[in-house]
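Structure first, commentary second.
One-based numbering, in listed order, for ligands and for the atoms of each.
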Amino acid sequence: MGFKKDFLWGGATAANQCEGAIDVDGRGLANVDVVPLGKDRLPIITGKMKHLAFDEEHFYPAKVGIDFYHRYKEDIALFAEMGFKTFRLSIAWSRIFPNGDETTPNEEGLKFYEEMFKECKKYGIEPLVTITHFDCPIHLIKEYGGWRNKKMVEFYQNLVTAIAKRYKGLVKYWLTFNEINMILHAPFMGAGIVFEEGENEEEVKYQAAHHELVASAEATRILHEVDPENKVGCMMAAGDYYAYECKPEDVFESMKENRHNLSLIDIQARGYYPNYLLKEFEQKGLNIEITEEDKKVLKAHTVDFISFSYYASRVARAEKEELTAGNIFESVKNPHLEASEWGWQIDPLGFRITLNTLWDRYQKPLFVVENGLGAVDTPDENGYVADDYRIDYMARHIEAMRDAVEKDGVELWGYTSWGCIDLVSAGTGEMKKRYGFIYVDRDNEGNGTLARSKKKSFYWYKNVIATNGEDVAMPEI
Ligand code: BG6
């Protein structure tokens with residue numbers, strides 16, 4: 001009953017949101033570095049505003065992040081203290097290939113992650129590695145236009161070959177692209193797309209997505225060839241759409257939204273384009289170049305497991321009304337749900353529903369690689385945060401996840417909560433939108449000592465892991 005004995009409990013981060021040290025040890029500049037805090041962030045990440053360098057007028061949170069680059073040993077020791085079985089992190093592409101189109105990797109970059117993986121292993125922590133978490137070397141954007149160009153597939157394969165060989169035996173679990181469906185909403189992040197005036201944006205996004213899909217299939221091939229023990233997963237921003245009302249028009253709208261969100265995962269999991277998407281291309285007159293060779297690659301190298309982030313469910317309505325936020329996706333407000341301080345709707349049962357949807361649809365093992373509550377924390381003079389709101393959110397989600405496993409029979413490999421240590425928000429660039437069990441002393445403007453301290457949820461999660469998810473109540477501390 002409950003979670004399997006070897007269930008992988010842990011936490012997740014991304015290089016660009018925590019490492020900092022963007023110009024050390026040969027690292028090249030990346031799209032994620034030049035995305036600032038403030039009102040220009042959204043037009044930049046959605047590809048509407050060209051901004052490929054630093055300037056004086058903006059603040060760039062990724063420059064320092066939480067300085068994980070220099071402090072990872074201290075942080076991994078804290079993860080180990082919580083009992084982590086796995087740690088999800090991402091590789092910064094421009095540490096390994098600073099420009100992206102070199103043929104020889106940067107040794108210092110390779111060494112950095114090798115040491116980090118060894119540090120994990122020291123504590124029996126299994127690394128779970130996202131190959132690309134929204135990052136793309138800036139040179140590839142300037143020179144090739146990012147993922148709109150098919151040459152990116154080749155550069156990505158070079159990256160995958162270098163890391164697959166170097167980390168053989170150290171890393172077994174891999175994710176090819178973080179939230180691949182995010183390309184349809186924020187194409188500068190993840191795909192390095194900046195739109196040119198007058199072009200068909202949807203066509204550009206789907207063409208870039210196609211290149212990523214082919215690259216993902218090639219990565220799966222390479223990783224399996226280098227080590228048959230490797231397990232390769234896709235990764236999506238999940239969260240089912242509900243129909244606002246039971247009238248057929250709303251139900252139809254929710255079906256369309258769900259398909260839109262699942263379309264790229266359908267391809268990674270099944271190995272071919274679904275008819276509904278091909279029909280959509282046809283009806284909208286989108287000309288996407290998909291070769292016969294591409295089709296073969298997609299078919300031959302499907303993923304081993306499906307991973308996803310879940311923060312909120314969403315609502316679809318035939319007549320659009322008031323919209324609410326939710327991880328770049330805007331959705332109709334659900335009158336039955338409360339929302340976070342950032343307007344993301346809180347829905348633990350929706351988590352169970354989403355787990356069931358994905359399991360039913362793909363019949364491949366699932367891995368929850370992001371979940372959590374972004375909230376404002378107020379530490380006391382010792383840096384201690386009594387984050388009962390976070391504990392409440394996570395306890396309810398873990399219970400719902402347990403129901404999906406225990407009562408519904410969903411096959412689930414693990415759970416990594418998002419931002420297990422406070423880090424920079426991807427959506428807003430803020431530090432004050434915190435997810436961690438570990439508080440980091442740094443604010444939106446870059447003030448603070450970067451000191452780490454344990455929140456109340458640190459002790460709570462430690463007990464959750466120790467009881468393999470059976471006890472989600474707050475223990476005595
Ligand atoms: C996911 C991303 O979209 O959500 C993370 O994979 C991101 O990178 C997380 O940080 C939470 O979003 P935000 O905007 O609160 O940081």
Salt bridge (charged side-chain N to carboxylate O under 4.0 Å, His left out), that's the test. Do Asp240 and Arg314 meet it? Break it down for me.
CA-CA 6 Å; Asp240 278 24; Arg314 305 182 175 104; over 6 Å; no
Taking everything shown except Lys121 itself, do over 12 heavy atoms lie less than 6.0 Å from its NZ?
yes
[X]/[Y] aromatic ring centres below 6.0 Å:
X: Tyr311; Y: Trp342; value: no
X: Tyr167; Y: Phe117; value: yes
X: Phe458; Y: Trp460; value: no

So, does Trp342 sit close enough to ligand 1 that a heavy atom of it is under 4.0 Å from the ligand?
no
For [X], which part has a heavy atom under 4.0 Å from ligand 1: side chain, backbone, both, or neither?
X: Phe308; value: neither
X: Ala426; value: both
X: Val424; value: neither

Regarding atom 3 (O) of ligand 1: of the candidates Arg434, His133, Glu179, which has the closest heavy atom?
Glu179
Quick one: which ligand 1 atoms are inside 4.0 Å of a heavy atom on Tyr311?
4 (O), 9 (C), 11 (C)
Can you name the atoms of ligand 1, numbered from 1 with element, that are less than 4.0 Å from a heavy atom of Lys433?
13 (P), 14 (O), 15 (O)
Donor-acceptor pair, side chain of Asp387 and main chain of Arg390, under 3.5 angstrom:
no
